[in-house]
Structures are given as C-alpha cells and as structure tokens.
Amino acid sequence: MNETNSETWKIGDKSRGTRVKYNELRNNPVPMKEKRRLREVRQSEGYNPSFWTHKHYSCVWPYWNKGEQVISIFKLWGKTLIAIRAKFGSSISSYFLFLRFLMLLNLASLILTTGFIILPTILLSKTEHNHSSLAPCGNSSAFPNHTLPGRLLDVFTGEGFMQDTFLFYGHYGDVVGFDNAFSVRLSYLLTPFVFLLICSLLLLQRTVKGITQRRVRSRHYRTSISSKVFSGWDFCVRETGTSVLKQKRFSNDIKSDLAEEHWYMLTTQQSLGVKVRIFALRVFLNGIILALMAGGFYFIYLATGVSQGYQKRSDDPILSLMTQYLVPVVISLVLLILPYSFMLLVKFEGLSPSAEITLTLVRCVFLRLGTLGIFLFSLGQTILCVGGTKAPCEICGYNMQFQCWETSVGQEFYKLSMFHFLELLAEFLFLKLPRSFLCSTCTMSPKDYFKNRP
C-alpha cells in the first residue's frame, strides 16, 4: 500500500510533493511516514522554506490570538451589544454596531483635528489675537465685554468670548512653523480630506465584507430551522448568565426565521391582483413618506430663515437666544415625529420583518442627511447669497452682517450640539432616571396595583 502511494505521488523526475506547498502536503491523504519522506525530498532538491513556514506560523498564531483577545477587551460596549443581540435580535444589534462605528469615526476626527490643527496652533502661535474691529471683509474676532449673565448666554450661543476659542475658525490665524514647512491653512484643507479618505477606506472594507456575505446570508443558503433546533446549541456554554443570553438569542433567531418563512409562504400564494394592489399601496405609502419628509424639510428651511433674520435685530438677549435655538428645536421635533411615522406606515407595505427594519433605518438615515442638507442650503442662502439676491454679497463675496462667515456657520453647529446635549440630559433626568428608580423599587406594575386596590 505504501509503495502504491509512493508511486502515485511521483511524477517524472520530481515527486509531486516538491511542487506543492507545505499546507497542501499536510492535507494530502497519505501516511505520515510518506509525508516525512516527501518533505525530505523537497528539502534535498533545494527547497528553502521561508520565514513564514508552518512551524513559524504555528509559533506566531497563539500570540496573534492572544493579542486579539486583549484588543477585544477594550471594545466599547462589547457585553452590552451581546445582551442586545440576545434580547432583540441581530438586526437591532447591527444598528448599535453602526452607532459605535460612527462614534469611532468621530474619535478619529477629534484626533486628527487636535493633532494637526489645535496643537500646532498652540505650539507655534506666538502672537496675541487682535480683538479690535478689522476691515469689513476681515475675520473679525472682536467681542464686547459682557457681564456674568451675558457670558452665560455666550456659552449657549457660541458668541462673545466663545467665538475667540479653538472651537471656531476665526480664532486661527496664518500660523507657519518648522521652517515654513507647516501651515495651518494647508492643514485646514488637508485634514478633512484625510478624514474622508479614512472613512472611504473603512466603508469600502465593510462593503466588500458585506458583498461576500450577501450570497451566504440569502434565503437559499441559510441554515435550515431544523439544523438550528437539533445542532445549533453550543454545549461549551456553562455559565448561567451566558447560557440565558444564548437561549434568548437562539429563540429570537428561530422566531425571525419562522416569520421570514411565513412571509415567503404567503407571498408565493398571492394572486396577480393581490400583488398589483400591494404594489399600488406601496407607491401610495412612499408618496406619503416623501410628503412628510418634504414638509419637515420645509419647516427647517423656514425656521433657519426666521432665526437668521431675527437674531441679529433683537435687542433682548432672551428673545435672541430663543430665536437662535429655533432651528435645533424644529430639527429635534422632525427627527422625533417622522421616524415613528415611518415605523407605523411600513407595517402596511407587506414586507418581510427584516425588510421592514432595514427600510425604516434607511429612511431615518436619509431623513437625517436631508435635514443636514436643507440646513446647510438655508445657511448658504442667508450667508453666501446662494440662490437669492446678490446685493449683500457684492463687496466681500458673502453677507457683510456675518463677519467671518465660517465662524457663523460653526456657531450654528455649536448650537445644534449644545441643544442635543441638553435634550439628552433632560431625557435622562426626567424620564430614564425616574423610570429606572420606579422599576427597581416597585415590583408590581401600575395595572396590577390598581386592580388589587380594595
């Protein structure tokens, strides 16, 4: 038997083992003695294994796995995401994974901005800022002296002493250092492009990974429910908490698979008239959704115009603060009401459960991008005279009411961020914290409490 195998592995003057890699030799269905002989023949014929042979690879691989385990410890919300996936399914957990990915992108943007703009400005800038009024087209950083209430209002509006901080464009001058090898203006231009390049590479990586897994995750290549029921449990799970999460995840996966199969069975039994009626209903509902989006965008456009028109003419600081925060309030209301409308209307479109979640998330993403686009267009129309009268912008190229228009745009985004922070703080203090306190102290629901009252 060994002689037969030896003859089959020899072809011509050289054995077949000399023309295969080490990993292929290991997978060959021949006895171990024959594999040793073929490896010796390989080495005697002049084959010099590189550094990354199986021996070295097997030595490095445990350290690589250990490094991945150490890195996984520092992943944000790892255990929380596992619990979310177990309780609510993979579709909901993918949304929170996407939010974590966006937060990491924001962290990368913070590192790039701090390293290439803020720190060089601090280290290289040796001249003090001139707070006097400049030419009509200059970057005016002048601000009046306020009292303590006025400075407190400046914290919320980004004006006054706040506009001469590192948050806004008007603070930075033409700083040059390292023998004229570094320029803040060039850094302002290149840093966003580097960030966009990083985002594009990460997006390309995720897209390629999704394309390769799309075919595997399709319905025809999905693991059958019977396979999950009879061989899907991991018997290596011993801890109670881990096993409970595993059971919930296993149950939710089976429920989602059954719901998908039920929807597929119903769609295959539909007649042509039913399909036409469902298609017409989808067109009608999508028209309603587009109308809701257009209405929300129009309200944001009107609020931006009103805010920019009245905040410069108001002498009352409280009224000026209210008009400046009109746009954040309208945007928050739009982003609060319309997603619930999307969740309600998608139920009538006759889609699969996974398609409903995906379509709702896509609509919410486009809604947020649309609000940002309309807000920027409205600011550009007011500050840069885009699509409007060109008279205020003939001298400087922008509206002369906005000295250093880049700072004005930054102040608008600062107010959006400040209002979002205040909104989250109020939600935590007045909704989540009392609810958590009631849920932790009260063991009986309000319905059971009023039912059991004498």
Side-chain angles (χ1 to χ4, degrees), residues 88-89 91-92 94-96 98-99 102 203 259-260 263 266-267 270-311 322-389 409 412-413 415-417 419-420 422-424 426-427 431:
F88 304 102
S91 300
I92 303 300
S94 62
Y95 174 71
F96 287 97
F98 176 68
L99 292 182
L102 293 181
L203 183 61
E260 293 287 337
W263 174 84
L266 293 178
T267 54
Q270 292 175 354
S271 61
L272 180 61
V274 175
K275 291 182 179 179
V276 172
R277 187 167 63 251
I278 292 176
F279 179 77
L281 181 61
R282 289 177 182 175
V283 172
F284 176 71
L285 292 177
N286 280 280
I288 293 177
I289 290 173
L290 290 177
L292 291 175
M293 285 187 178
F297 296 158
Y298 182 68
F299 280 117
I300 293 173
Y301 176 77
L302 289 181
T304 306
V306 171
S307 176
Q308 296 296 324
Y310 282 94
Q311 66 181 351
M322 294 175 62
T323 55
Q324 292 184 57
Y325 272 86
L326 179 62
V327 178
V329 170
V330 174
I331 291 178
S332 298
L333 290 176
V334 169
L335 296 180
L336 177 66
I337 297 174
L338 291 189
Y340 286 101
S341 303
F342 298 159
M343 294 172 59
L344 178 63
L345 294 176
V346 78
K347 300 293 184 182
F348 301 97
E349 295 189 37
L351 300 173
S352 63
S354 60
E356 289 181 359
I357 296 175
T358 304
L359 186 59
T360 303
L361 291 177
V362 169
R363 286 170 177 170
C364 292
V365 170
F366 276 104
L367 176 64
R368 291 180 177 273
L369 293 177
T371 54
L372 180 61
I374 292 298
F375 178 61
L376 288 175
F377 174 76
S378 182
L379 286 179
Q381 192 176 31
T382 305
I383 298 176
L384 301 177
C385 304
V386 177
T389 176
V409 175
E412 295 298 328
F413 281 95
K415 284 178 278 192
L416 286 176
S417 302
F419 184 79
H420 183 64
L422 295 176
E423 182 183 3
L424 293 178
E427 182 182 1
L431 291 179

Decide side-chain contact (heavy atoms from CB on, under 4.5 Å) for Leu376 and Glu412; before the verdict, give the C-alpha distance in whole Å, the side-chain angles of both, and the deciding distance to 0.1 Å.
-> CA-CA 10 Å; Leu376 288 175; Glu412 295 298 328; over 6 Å; no
Residues Glu427, Leu424; criterion side-chain contact (heavy atoms from CB on, under 4.5 Å); working and verdict = CA-CA 5 Å; Glu427 182 182 1; Leu424 293 178; 4.1 Å; yes
For side-chain contact (heavy atoms from CB on, under 4.5 Å), just list the numbers for Val306 and Thr323, CA-CA rounded to whole Å, side-chain angles, deciding distance to a tenth of an Å, and then say yes or no.
-> CA-CA 8 Å; Val306 171; Thr323 55; 5.8 Å; no
Pair Ile278-Gln270, side-chain contact (heavy atoms from CB on, under 4.5 Å): steps then yes or no = CA-CA 10 Å; Ile278 292 176; Gln270 292 175 354; 3.5 Å; yes
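Salt-bridge formation is not detected for the pair Arg277/Glu349: no Lys NZ or Arg NE/NH1/NH2 atom is positioned less than 4.0 Å from an Asp or Glu carboxylate oxygen.
Ile357 places none of its side-chain heavy atoms less than 4.5 Å from the side chain of Met343. Between Phe297 and Leu302 there is no side-chain heavy-atom pair separated by less than 4.5 Å. At least one side-chain heavy atom of Glu260 sits less than 4.5 Å from a side-chain heavy atom of Pro353. Residues Met293 and Phe342 are in side-chain contact: their nearest non-hydrogen atoms beyond the backbone lie under 4.5 Å apart.
The aromatic ring centroids of Phe413 and Phe375 lie less than 6.0 Å from each other.
Atom CZ in Phe299 sits 11.5 Å away from atom CG in Leu326 (nearest 0.5 Å). Interatomic distance, Gln381 CD to Ser378 OG, rounded to the nearest 0.5 Å: 6.0 Å.
Looking at Arg282, its side chain does come within 3.5 Å of a backbone N or O of Gly350 through a donor-acceptor pair.
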